[in-house]
Amino acid sequence: MSTGAHRGTHPPLIELMLARLREFVREPEALFWMFLFPIVLSVAMAIAFPSGAGQAVRVGVIAGPHTDALRKTLAGSKDIVVRELSPDDQMRALRNGDVHVIVTGGNPPTYRFDPTREESKLAQLVVDDVLKRAAGRTEPWQAHEDLIQVPGSRYVDWLIPGIISLGIMNNGLWSIGFMTVQARLRKLLKRLAASPMQKRDFLMAPIIARLAFLGPEVAVPLVFGWFAFSMPIRGGIVSIAIVSIVGALMWGAVGMLMGSRARTFEAASGLMNLISVPMWVLSGVFFSSSNFPDVVQPFIQALPLTALIDAMRGVILEGSTLVSIWHELAIMAAWTVVPFAVALKIFRWR
Amino acid sequence: MELAVRCQNLQKRYGDVVAVDGLSFEVRRGECYGLLGPNGAGKTTTIEILEGLLAPDGGDVEVLGRRWKTDEQELRQRLGVQLQETQFTDKLTVEETIRLFRSFYHRGKTIDELLGLVELEGKRGSWVVKLSGGQKQRLSIACALAGDPDLLFLDEPTTGLDPQSRRQLWNVLTRFRESGGTVLLTTHYMDEAQTLCDRVAIVDHGHVIAEDTPKALIASLGAPKVVVHEGTLEDVFMSLTGRHLREA
Ligand SMILES: Nc1ncnc2c1ncn2[C@@H]1O[C@H](COP(=O)(O)OP(=O)(O)O)[C@@H](O)[C@H]1O
Ligand SMILES: [Mg+2]
């Protein structure tokens, strides 16, 4: 058995990884997008969900002389922003979320809103409270309000581990899937298949090489969240690192599977969208997946992105130990081994 | 004599297209053997079957006395392959690309020796994307030679190259031959076959229509045509098929 030193090169797996890394860092755009995505998303979230007081409810009032009093009453509350609407505009304004509820009439008023929208139901209660008080309702008591904000329980805290997980998914899927298709289009795969290279090495190399960028990829949004929103980081760095590594290996393997047969970029991206976009919705990146009915929960819990996000939220927000998230880690391990084995089996070398 | 390649009654079809239709020939150890034929004759299909990249629909293949089914790993270590249309990674350097391929082989030359062999020492640090067509082709040969192969497969190694680059590449092949290597190449240039090959098989429509040394093939034309100019393999192809090699 000859050694690396004998050949004057590193072992094939290392050489393949080096080739992959060199190719990647010589493509500055790829690096740029890799780090830009989580930052842009985090900043957008920071603007959309300011960490100050709760948002005012937006109430639509149809313009006209007889609504003056109503408008004044509503505008007197600090929790309400009044928008004047023309009668033609009201449905569009409700649909777009420009206003949460529309108030018409005087005594009693009519509230027009969509009860399936949480913010509209809330707005209706706020408006009703203000109008009843203005109409002379006597309060049984004036409760003391003890307003607190617990870092870690806010929406933005909940969101950032999801965004980190999403970044790991996107970078793994797209970079590995596309690299594979590109090598196939350039007939480089066929040339490699004609050499004594171990096929397993070729499939493993980019998946492992990806870990080189994982540190900054996870740290950037994490530090951003900690710095800009005082997001708590309750778990140990080691736990966070291990969850990230397991997640990155998993998405690398899935990306390799997506690229294993595609002959065009279009075919590969169609496939990757097909599997990733539903997970953006189902796996609870932006809103909790507990909103979905119980019957689909076992399916949702078995999804790779759900497992990664749950594990990531666990270690970051709750300080979970690796033992306590073994279930998620096991799901991710399965989503690594099975797609890799299938990719190796069905891989198209020409 | 020991054979480097033996293929018998090879068959390969793509749907309705019969790409290789009962093709047979033998390559001896140490010789340079050429498959000469027009585009679409089935040369690439044949050579890829011999390289173990395609499975034939029928026929029998032996390479270096081994079979693909049972000895793939050993064969891959002992063969050098240059494919018709490989594009190496743009943003790796010449040296990095050769190093990658060298790492796959148990035995073989050093990186410096390989760079010298294909006269790319001056380009060792250049990105592949910056190379000329001839330099890319020589890089491809360097990768094919990385494992010190006993048998080298070349599919149209000089197509699209300028005369000087072709000559440079021929020199590389001549050096490989002198060190005892066997070459099987395809080409549609008759001068290339005449210059490089000990024996040539003329392939058309997926089978061999003539096989001999270039000299004997040209001699077989008989007197009349040779009077006007010195006979070429082009004339041989014409007299066999009634078509020109390059327009076919
Ligand atoms: N992958 C393929 N699918 C369908 N037809 C093919 C394929 N590869 C080659 N052919 C056809 O097989 C015939 C032989 O092709 P090829 O072996 O590439 O010839 P050559 O290398 O001599 O130009 C041609 O008619 C070609 O169109
Ligand atoms: Mg061809």
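To find a chain, count down the sequence lines: A is the first, B the second, and so on, and within it residues start at 1.
The greatest number of non-hydrogen atom pairs below 4.5 Å with chain A, out of B:V81, B:T93, B:L75, is found for B:V81.
Rounded to the nearest 0.5 angstrom, B:F104 CZ and A:D201 CG are separated by 8.0 Å.
For residues 50-61 of chain B, a heavy-atom distance under 4.5 Å to chain A picks out B:L53, B:L54, given by residue number.
The closest donor-acceptor contact from the side chain of B:R76 to the backbone of A:A193 lies under 3.5 Å.
The pair A:R350-B:E48 counts as a salt bridge, with a side-chain nitrogen and a carboxylate oxygen less than 4.0 angstrom apart. Under the 4.0 Å criterion applied to side-chain N and carboxylate O atoms, B:D90 and A:R26 are not assigned as salt-bridge partners.
Of the two parts of A:Q182, neither the backbone nor the side chain holds a non-hydrogen atom closer than 4.5 Å to a non-hydrogen atom of chain B.
Proximity of A:T9 to B:I111: side-chain heavy atoms (C-beta onward) are separated by under 4.5 Å at one or more points. By the 4.5 Å heavy-atom criterion applied to side chains, B:Q73 and A:Q198 are counted as neighbours. By the 4.5 Å heavy-atom criterion applied to side chains, A:R22 and B:L92 are counted as neighbours.
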- prompt: When you look at B:K91 and A:E23, which way does the salt bridge (Lys or Arg N to Asp or Glu O under 4.0 Å) test go after all the steps?
  reply: CA-CA 6 Å; B:K91 292 184 178 177; A:E23 188 186 353; over 6 Å; no
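By the 6.0 Å contact criterion, CH2 on B:W68 is enclosed, its count of non-hydrogen atoms from other residues, nucleotides or ligands being greater than 12.
Here the rule is side-chain contact (heavy atoms from CB on, under 4.5 Å) with A:K187, and of B:Q84, B:E85, B:Q87 only B:E85 fits it.
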